[in-house]
Amino acid sequence: MKEAAAGRRPGPNEPCWCGSGHKYKRCHREADQGAAAPVVRQRFVRPGRVSPPRAVPPGIRLPEWARTGDVSDADPDESVVQPPHVVQRMRAAGRAAAEVLRTLERAVRPGVTTDALDGLAHDEIVRRRAYPSPLNYRGYPKSLCTSVNEVICHGIPDDRALEEGDIINLDVTLYLDGVHGDCSATFLVGEVDEESRRLVRVTHECMMVGIRAVKPGRPVRDIGRAIEQHARRHGMGTVRAFCGHAIGERFHGALQVPHFDDPDAKTVMRPGMTFTVEPMITLGTWRHAEWDDGWTAVTADGRRTAQFEHTVLVTDEGVDILTLLPD
Ligand code: MF3
Ligand code: CO
Ligand code: CO
């Protein structure tokens, strides 16, 4: 098992651990002073054994990739303003995705494998006569994404058992009545260290400040600006490589919703638009690396990262969260 000393500090003139490219003494050195040097050696997450794809019972409506794995390109000019009959179906899909996520939360504990969580997600989704959208999406092998500790997103469920002190993001997307609902949350496994709890709390706040920035007439850029500002205020990084996305009859529509302040995010929000807000926030660098499974994205420095996601609708007044449960 590969191990690394967590939190070894760079020399004053070495590049800062946060990935900014600045010298340590000009960047995080001061912030680090006072905190005791971590002595815990933290194990990185390693790829495990992946079970065969789970079967979908007959009679469930399949998205285009279910049989082939192929996803057609989004039309860059497609309107993301959805007609009312689509919004109505998206409320049902969003609610169902949120219910599945709630059920998964109750199953998170030390000793449970991410494969078992995948099985539970799959069963809960098909029980609702929906299709687990990730399954065979561009060849993705499972029904759920399970991203542990330094895994940013798209972690593939396998035979790794959750350990006391882990954090895990579970990302549920399902396809119901021709539309997708997409949401995720990061959960604590047993007793978790203070810094990771802070990461998870701030990441949830980042999602909520992003959602609060959703207003008709305002550019999409407002969302990422609010998120990045909140993360920076807490000394945390904002992942840039993965964005929120338009969602509806397509899983990933053409519109991208960056979680950082991106001057190119000029699209003006209009009532009837549906997209996700899903910030990935890190304790260190925002830079990522990818496992050779072609999916699993990890932080480049191995420090922990968290994510929350909702599917939202732009309304005349502001925003409606479609993946929120009534209570
Ligand atoms: N649910 C993820 C998102 O938020 C996408 C997962 S695609 C998969 O966009 F293929 F990795 F499952
Ligand atoms: Co998702
Ligand atoms: Co999404």
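As the structure lists them, so they are numbered: ligands from 1, and atoms in each ligand from 1.
Checking Arg304 against Ser196 by side-chain atom types alone, a donor-acceptor pair falls below 3.5 Å. Checking Thr276 against Asp182 by side-chain atom types alone, no donor-acceptor pair falls below 3.5 Å. Under the 3.5 Å distance criterion, with hydrogens and angles disregarded, a donor-acceptor pair is assigned to the side chains of Ser72 and Glu64. For the residue pair Asp301 / Thr285, no side-chain donor-acceptor distance below 3.5 Å is found, with atom types taken as modelled.
Residue contacts with ligand 1: Asp182 is placed with a nitrogen or oxygen under 3.5 Å of a nitrogen or oxygen of the ligand (distance criterion only). Between Trp295 and ligand 1, no N or O atom pair is found at a separation short of 3.5 Å. Here's the thing with His245: one of its N/O atoms is less than 3.5 angstrom from an N/O atom of ligand 1. When only interatomic distances are considered, the shortest N/O to N/O separation between Asp171 and ligand 1 falls below 3.5 Å.
Note: Trp65 and His180 meet the aromatic proximity criterion, with ring centroids under 6.0 Å apart.
Note on the Co ion (ligand 3): protein N, O or S atoms under 2.8 Å away count 4, no waters included.
For the atom pair CD (Glu124) and OG (Ser143), the distance works out to 12.5 Å, reported to the nearest 0.5 Å.
Not counting sequence neighbours, the partners of Cys145 by the side-chain contact (heavy atoms from CB on, under 4.5 Å) test are Tyr140, His154, Asp171.
Looking at Phe251, Trp65, Phe242, it is Phe251 that brings a heavy atom closest to atom 5 (C) of ligand 1.
Every atom of ligand 1 with a heavy atom of Glu278 under 4.0 Å away is listed here by number and element: 3 (C), 4 (O), 9 (O).
Counting only distance, with no hydrogens or angles, the side chain of Glu191 and the backbone of Glu164 share no donor-acceptor pair below 3.5 Å.
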